[in-house]
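Have a look at the structure below, then the notes.
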Number of protein chains: 2
Amino acid sequence: MKSFLAITRALSDETRVRALLTLRDGELCLCQVIEVLGLAPSTVSKHMDILHRAGLVERRKEGRWQYFRMAGKAGGTEAAAALRWALEALRNEKAIADDARAVCCVRKKDRQEVSACYRAS
Amino acid sequence: MKSFLAITRALSDETRVRALLTLRDGELCLCQVIEVLGLAPSTVSKHMDILHRAGLVERRKEGRWQYFRMAGKAGGTEAAAALRWALEALRNEKAIADDARAVCCVRKKDRQEVSACYRAS
DNA sequence: CCTATACTTCGCCAAGTAACGAAGTAAAGG
DNA sequence: CCTTTACTTCGTTACTTGGCGAAGTATAGG
């Protein structure tokens, strides 16, 4: 029951659902999620922590960056089933689609910065 | 998104999850749910209203009684998928099993009262 | 080292929520 | 009618939660 409620509570806030879905097409670091959502770093950090403790996202530290990705959707765990359900239920949400475009921009920005680095060297 | 959040919020409270699962084996009237949960009528009434507005339970009035039952689990709606997921995730929960026994008692009590009526006539 | 960047922790505040009991509505039975 | 029973609505209280900014930690780069 505890883990079930951790999941439903994690999914019961719109901001948190949006944060989770930004990871639909691959991992992002916290600052990228922050930029997409347009909220304070402390706020987003807390949201990601809640999603992580619910088992819905996995985290990976690399240097200064915390990367987040959706937990394996194919598993048999409670969280995996919840993810499958949520992804299906939110398939056509406008807010999610809007965020997806913003995620795309944030990824491109990364690449531009990378190429800027190459040009500078 | 609104309906998704209505569902996750409805499922994010332990009491409400217990209330929903008391209906697993068929409909009950509010006073039976009240007895199983051991909470104030006003509290349980509100919980059932939230479950109903989320589309997770259906209601039916008969005389003085409000009967509740789980929404059709076989449908293609968001709520139906949520129900399938919740039922699967909570299959082995102790709290739910305990409530199921209490539900059983409450149903028997009904039958005793019914038979008492028959004997009295 | 010192600074900058990425993130976390803490304390605060406003808004939301679960519980209760009291009072109100509605239906059934004297 | 009047009472009882089943339920709902309302107001209150205690607690939780989402947001923020300020301060703290950690890592990379001069």
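Keep in mind that what you see is a predicted model, and the values were worked out from it rather than measured.
- Shortest non-hydrogen contact noted between Leu37(B) and Ala19(B) is CD1-CB, 3.8 Å.
- Rounding to whole angstrom units, CZ of residue Arg53(B) and C1' of dT8(D) are separated by 12 Å.
- Per the geometry, NZ belonging to Lys61(A) stands 9 Å off C1' belonging to dT8(C), to the nearest Å.
- Spacing between atom CE of Met48(B) and atom P of dT8(D) amounts to 10 Å, rounded to whole angstrom units.
- Geometrically, Arg60(A) engages Tyr67(A) in a cation-pi contact, judged by NZ or CZ lying under 6.0 Å from the ring centre and within 45° of the ring axis.
- What you find for Ala79(A) and Gly55(A) is that their closest heavy atoms are CB-O, 3.3 Å.
- If you measure from atom CD of Glu62(B) to atom P of dA27(C), you get 13 Å, rounded to the nearest angstrom.
- The CG atom of Leu5(B) sits 14 Å away from the C1' atom of dG16(C) (whole-angstrom rounding).
- Considering every non-hydrogen atom in both Arg24(A) and Lys73(A), the closest pair reads O-NZ, 3.9 Å.
- Remark: Ser45(B) is not in phosphate contact with dC7(D), judged by side-chain N or O atoms under 4.0 Å from OP1 or OP2.
- When each of dT4(D), dT5(C), dT8(C) is scored by its nearest atom to the side-chain atoms of Leu30(A), the top-ranked nucleotide is dT8(C).
- A salt bridge is defined here as a Lys NZ or Arg NE, NH1 or NH2 lying under 4.0 Å from an Asp or Glu carboxylate O, and Asp13(A) with Arg9(B) fails to meet this definition.
- Between the CG atom of Leu51(B) and the P atom of dT8(D) there is a distance of 13 Å, rounded to whole Å.
- Between His52(A) atom NE2 and dC7(C) atom P there is a gap of 15 Å when expressed in whole angstrom units.
- Between the P atom of dA6(D) and the CZ atom of Arg59(B) lies a distance of 17 Å, rounded to the nearest Å.
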Nucleotide N/O of nucleotides 13-22 of chain D paired with protein N/O under 3.5 Å:
residue, atom, partner, partner atom, Å
dG18(D), OP1, Arg16(A), NH1, 3.0
dG18(D), OP1, Arg16(A), NH2, 2.8
dG18(D), OP2, Arg16(A), NH1, 3.4
dG19(D), OP1, Thr15(A), OG1, 2.9
dG19(D), OP2, His47(A), NE2, 2.2
dC20(D), OP2, Ala40(A), N, 3.0
dC20(D), OP2, Thr43(A), OG1, 2.7
dG21(D), N7, Ser42(A), OG, 3.3
dG21(D), O6, Ser42(A), OG, 2.9

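- Nearest approach of Leu20(A) to Met70(A), heavy atoms of both residues: O-CE, 3.3 Å.
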